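I have placed the structure first, in the form of structure tokens, so that the comments after it can refer back to it.
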Amino acid sequence: MPVEFLGIAATNDGSETNPRSGGAFDRDYTLRLARAHEDNGWDRVLFAYAAGSPDPAPAAAYIASKLDTLQILLAHRPNVSYPTFAAKTFATLDRISDGRLTVHFITGGTDQDQRREGDYVTKDQRYDRTREYIALVKKIWTTTSRFDHHGEYYRFEDFVADVFPVQQPRPQVSFGGSSDAAYAAGGAEADIFCLWGEPLARTAEQIERVRQAAKEAGRTDVPRIQVAFRPIIAPTEELAWEKAHRTVDRIRTRVSESGLLLRPKGAEGEWAPENTGSQRLLEIAAAGERYDRALWTPTAAATGGAGNSNALVGTPETVAQALLDYYDLGVDILSARGYDLLDDAVDFGRYVIPIVREEVAKRDAAKAAAGEAAAA
């Protein structure tokens, strides 16, 4: 099966290791970073979402109007707009990009960040709301006659859009999470299910959970699987591990000096993540630093299990082989983001992506040959 690579479409040069050098939206940097991905073999970039951050939709439209082939993964939280409005926004962006849009729906991992934008429903209610929201967006994209909707969270009458996506029947829908509610919602509605990088055995368990959820939802297909990592590469293993330890030291310094992770604390005074994904990352980090071929957990521990934070450490060849291990599990979208966003995107594109693509082509050719031999 083909393999795809997802990078990050940051709007400034800040990261867990470096404070940003300017404002939250740096138009020139945003374009430079996106162009670095397009020019170095990446398939798409993620425009992420957080309360208070620059709006990802117009940022994505800006990049789509400047670049020719790079695809867009637009993150969107259902609490920030009504589904009728959002569906039109997405369809317009798919028009601007000439059919290069995928939408990633975020249910919301912490009550704190949701409440920053006036969202006070419970986590379980958020998942139910997201399922209703995604189903409505899909219907709006594909329905040319007026219709009414009276659901649990949304109600409207006599609506039909006047703008439709380029992609037919509709753009792809992406979704992520690690809780039972996330598997159920994503298994039912997602074309792509997104996971954070975990050890191979645990990733295989999650993939099976997603597939089972899709079956229980009555689907005859299954979502594609995406897994995300933080690659730390260097010409030799020794240099890569030296770089990894420098990286985690810089993360700890940033957390200490800037209050980067000022979040609610649990009874013991330590940050207690609400979302299951972060809880899993911290559990894995507590059990060990190194897993499988190249997975390294101190970067996740240093950030409190925040988002995509487990690293793959080694030479380009080592990291490529580690990614291929996940491909062999059934992962066909590989998400990677370095700590120096621009330079790491270039290096990963030049030195890791070609190895993975070549090896995937060999695997696919071998499977095709075996199939032909068995049929003969």
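What you see is a predicted model, and the numbers here were worked out from it, not measured in a lab.
Residues Leu136 and Val103 share a single hydrophobic cluster, defined by chaining ILVMFWY side chains whose heavy atoms lie under 4.5 Å apart. Clustering ILVMFWY residues whenever any of their side-chain heavy atoms sit less than 4.5 angstrom apart, transitively, puts Leu67 in the very cluster that holds Val45.
Evaluation of the side chain to side chain donor-acceptor pair (under 3.5 Å) rule for Arg209 yields Asp180 as partners, not counting sequence neighbours. Contacts of Glu283 classified as salt bridge (charged side-chain N to carboxylate O under 4.0 Å, His left out), with partners at least two apart in sequence or in another chain: Arg202. Partners of Phe147 according to the ring pair (Phe, Tyr, Trp, His ring centres under 6.0 Å) rule, which considers only residues two or more places apart in sequence or in another chain, are Phe156. Residues passing the salt bridge (charged side-chain N to carboxylate O under 4.0 Å, His left out) test with Glu358, sequence neighbours excluded: Lys362.
The aromatic ring centroids of His76 and Phe47 lie 6.0 Å or more from each other. You'll find the ring centres of Tyr153 and Tyr133 outside the 6.0 Å limit.
Taking 4.0 Å as the cut-off between side-chain N and carboxylate O, Asp43 and Arg357 count as a salt-bridged pair. Arg254 and Glu16 are not joined by a salt bridge, as no carboxylate oxygen comes within less than 4.0 angstrom of a charged side-chain nitrogen. With respect to the salt-bridge test (charged N to carboxylate O, under 4.0 angstrom), the residues Arg77 and Glu117 qualify.
Interatomic distance, CG of Leu46 versus CD1 of Ile8, reported as 4.5 Å (0.5 Å rounding). Note: Phe5 CZ to Ser335 OG = 10.5 Å, rounded to the nearest 0.5 Å. To the nearest 0.5 Å, atom CZ of residue Phe193 and atom CZ of residue Arg224 are 15.0 Å apart.
Residues Thr318 and Glu237 have side chains that bring a donor and an acceptor to within less than 3.5 angstrom of each other. A side-chain N or O of Gln71 and one of Arg44 form a donor-acceptor pair less than 3.5 Å apart. Under the 3.5 Å distance criterion, with hydrogens and angles disregarded, a donor-acceptor pair is assigned to the side chains of Thr130 and Thr107. Looking at Asn79 and Arg129, their side chains never bring a donor and an acceptor atom within 3.5 Å of each other. Using modelled atom types, one finds no donor on one side chain facing an acceptor on the other under 3.5 Å when comparing Glu157 with His149.
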**Request:** Tell me, with the steps shown, if Asp332 and Glu4 meet side-chain contact (heavy atoms from CB on, under 4.5 Å).
**Result:** CA-CA 6 Å; Asp332 66 339; Glu4 297 181 9; over 6 Å; no
**Message:** Test salt bridge (charged side-chain N to carboxylate O under 4.0 Å, His left out) on Asp249 and Arg252; report intermediate values, then the result.
**Reply:** CA-CA 5 Å; Asp249 286 345; Arg252 290 169 180 155; 3.7 Å; yes
**Request:** Give the C-alpha distance, both sets of side-chain angles, the deciding distance and a yes or no for salt bridge (charged side-chain N to carboxylate O under 4.0 Å, His left out) between Asp162 and Lys88.
**Result:** CA-CA 8 Å; Asp162 194 32; Lys88 294 185 297 179; over 6 Å; no
**Request:** Mind running side-chain contact (heavy atoms from CB on, under 4.5 Å) on Ile232 and Val319 for me, showing each step along the way?
**Result:** CA-CA 8 Å; Ile232 301 174; Val319 170; over 6 Å; no
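Applying the ring pair (Phe, Tyr, Trp, His ring centres under 6.0 Å) definition to pairs two or more places apart or across chains, those involving residues 278-314 are Trp241-Trp296, His245-Trp296.
With hydrogens and angles ignored, the 3.5 Å screen pairs a side-chain donor or acceptor of Asn310 with a backbone N or O of Gly197.
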Please list every donor-acceptor pair under 3.5 Å in which a side-chain atom of residues 336-355 meets a protein atom from a residue at least two apart or in another chain.
from, atom 1, to, atom 2, distance (Å)
Asp340, OD1, Asp343, N, 3.4
Asp344, OD2, Tyr339, N, 2.9
Asp344, OD2, Asp340, N, 3.0

